[in-house]
Amino acid sequence: MTTFSIDHEFMLDGQPFKILSGAIHYFRVHPSDWYHSLYNLKALGFNTVETYVPWNLHEYNEGDFDFSGILDIERFLNTAKDLGLYAIVRPSPYICAEWEFGGFPAWLLTKKMRLRTDDPAYLQAIDRYYTALMPHLVGHQVTHGGNVIMMQVENEYGSYGEDKDYLAAVAELMKKHGVDVPLFTSDGPWPATLNAGSMADAGILTTGNFGSRADMNFDRLAAFNQAHGHDWPLMCMEFWDGWFNRWGEPIIRRDPEETAENLRAVIQRGSVNLYMFHGGTNFGFMNGTSARKDHDLPQVTSYDYDAPLNEQGNPTPKYFAIQKMIHEVLPSQAQTTPLVKPAMRQADNPLTAKVSLFSVLDQLAQPVAAPYPQTQEFLGQYTGYTLYRTNPLISGTDKGTPAKLRVIDARDRVQAFFDGKSLATQYQEAIGDDILLPEVEGRHQLDLLVENMSRVNYGSKIEAITQFKGIRTGVMVDLHFIKDYLQYPLDLNKAPQLDFTGDWQAGTPAFYQYGFDVVKPQDTYLDCRGFGKGVMLVNGVNIGRFWEKGPTLSLYVPAGLLHTGHNEVIVFETEGQYAEAINLVDHPIFKELNTEEE
């Protein structure tokens, strides 16, 4: 049986072992492509794969656990083992990862607890999660004949808190549930974060996250270790070889040769995990959000990351620059030619049906009546769209002017419709501004479609009030709050079963159905140009959000989602913009942007 330990160096079967790892998040890559990505990691000359574990997918609804399909982490680890790759697993309750709510399930927000602390209620939730999760990991540890060599306790905790009792509690929970491989923490490699977030005094390995200045960062990490009585091996747990992208901002790219040279300095001195090796895709509603003071900055569906493998999983110039450097520094590392997948194009796939959202509301949600609006979390909905319907009495105002509407405390994007016609759209800080109502009196139907564009995944806003999505306080007409609502938590998974024979009204949110036939399924991209904002489903699977704002104007479709024969695309579009045909293209489409969103 393989042994792994940490001394002055990492030791594998009693011999020094340099960890050359690359991050592939199984939940961002279709299972049919796991072998492809892992093979290409091995072909690069690397020996280990690293992955996070997203609590909010494995327990999306409280107490309901899922380890199937794209969440079958055991199959992922077995595929890696079959290719001769070891694994580092990061099952931390919080993962960051530019992922919805940093990996936390949103139902935690409905509980009386403080996240990322030793709050007993929070620790009990982790305990229940680990009771379900760890049986899928424990048998894959090297101590049990598997390939997992290390697991992470918490993620960049030194950039959030300093609750050592909490860190110790999580480590104990991991051990309680069968984890017996070495544990580690990862933080920014400077004294403040290391002092706050590490567990060196408990004998748990400290690693650093950075993307350049290897000598300086390793010097600081080594000094910290020595100050705590350890002569541990140095490891960069996240070498940032690219970066993520946000709506309304230019695509971020990192020069391949410069990346390889900075990586050279890391490998010459220690071990490394490339973050990312294959970024993949934020399928569905699972993109993360950055924050700039009170303004949130949602990230795009693609998690390409400008990584060595592109979103599709094919090698880029950065891959070959790194492969060349590895051969120069470590000529004994076995390397081979990477695999390359084809992509297909197919133009003018026709629109076959369309129907207004207002015509199919009852097919997408069972309405919940309430005197005042409730947020998504308390409606048992954690992502996507909620429609609030009410019938206020419109009457004369003090000055005889048209009445005004105000939505008080809502996130993230509100579209108001009056008697089925578009009235206004408000986004983030603009929500709450006056909306003039038509000069009418009597009772009229008011619909408010609220989009949750995802929760902040990093920093001080993890538990901010704006993490609650939907309408928090209420809706005012003139100077008073109005009462009595029907709330529709839209379940877009039901879109394939919609009756498309209903009415369609221009300028309102609607569903559009397209069809195309395939002889041999291959990867492709849906061209989103011509549409405004929304999501697309391929054969019933939500592949992510699109927004004409850019910088991405296409959505990646893995071949594993397509069938031989007929295939269906359903577009949920909220701005009233659509195309008479949809195109499949063989490459991603980008919009040139020159400045960041302010």
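Because the structure is predicted, anything quoted here is derived from the model rather than measured. Every heavy atom of this structure was used, including side-chain atoms; hydrogens, water molecules and symmetry mates were not.
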- Query: What about His25 and Tyr52, are their ring centers closer than 6.0 Å?
  - Reply: yes
- Any chance you could lay out the side chain to side chain donor-acceptor pair (under 3.5 Å) test for Asn245 and Tyr305, step after step, and finish with the verdict? CA-CA 7 Å; Asn245 297 288; Tyr305 208 83; over 6 Å; no
- Task: Answer whether the closest heavy-atom distance between the side chains of Thr574 and Thr508 falls below 4.5 Å.
- Result: no
- Message: Heavy-atom count check: over 12 atoms from other residues, nucleotides or ligands less than 6.0 Å from Lys81 NZ?
- Response: no
- Message: Show me the pairs that pass ring pair (Phe, Tyr, Trp, His ring centres under 6.0 Å) and involve residues 69-93, at least two apart or across chains.
- Response: Phe17-Tyr86, Tyr26-Phe76, Trp34-Phe76
- Would you kindly check if the NZ (Lys) or CZ (Arg) of Arg529 is within the cone defined by 45 degrees around the ring axis of Phe590 and under 6.0 Å from the six-membered ring centre? no
- Pairing residues for Tyr578 by the ring pair (Phe, Tyr, Trp, His ring centres under 6.0 Å) criterion, not counting sequence neighbours: Trp504, Tyr512
- Item | Spatial distance of atom CG (Leu584) from atom OG (Ser554) [nearest 0.5 Å] | 11.5 Å
- Query: So, Asp241 and Lys318, do they make that salt bridge, N to O below 4.0 Å?
  - Reply: no
- Message: I'd like to know if Lys341 pairs up with Asp523 as an ion pair, taking the criterion as any Lys NZ or Arg NE/NH1/NH2 lying under 4.0 Å from an Asp or Glu carboxylate oxygen.
- Response: yes
- Message: Applying the side chain to side chain contact (heavy atoms under 4.5 Å, CB included) criterion to Trp99, which one of Thr289, Asn56, Asn287 satisfies it?
- Response: Asn56
- Task: Report the residues that fulfil ring pair (Phe, Tyr, Trp, His ring centres under 6.0 Å) with Phe244, sequence neighbours left out, ordered by chain and then residue number.
- Result: none
- Query: So Arg90 and Glu238, salt bridge (Lys or Arg N to Asp or Glu O under 4.0 Å) or not? Walk me through it.
  - Reply: CA-CA 12 Å; Arg90 302 165 83 179; Glu238 292 184 17; 2.9 Å; yes
- Carboxylate-amine/guanidinium proximity below 4.0 Å for Lys469 and Asp412: yes
- Query: With a 6.0 Å cut-off on ring centres, are Phe358 and Phe417 close enough?
  - Reply: yes
- Message: Between Arg455 and Glu98, does the salt bridge (Lys or Arg N to Asp or Glu O under 4.0 Å) criterion hold? Intermediate values first, please.
- Response: CA-CA 10 Å; Arg455 295 174 183 83; Glu98 292 76 60; over 6 Å; no
- Member of Lys533, Arg413, Lys549 meeting the salt bridge (charged side-chain N to carboxylate O under 4.0 Å, His left out) criterion with Glu575: Arg413
- Query: Centroid-to-centroid, His587 to Tyr525, below 6.0 Å?
  - Reply: no
- Task: Nearest 0.5 Å please: distance from the CG atom of Leu20 over to the CG atom of Asn273.
- Result: 10.5 Å
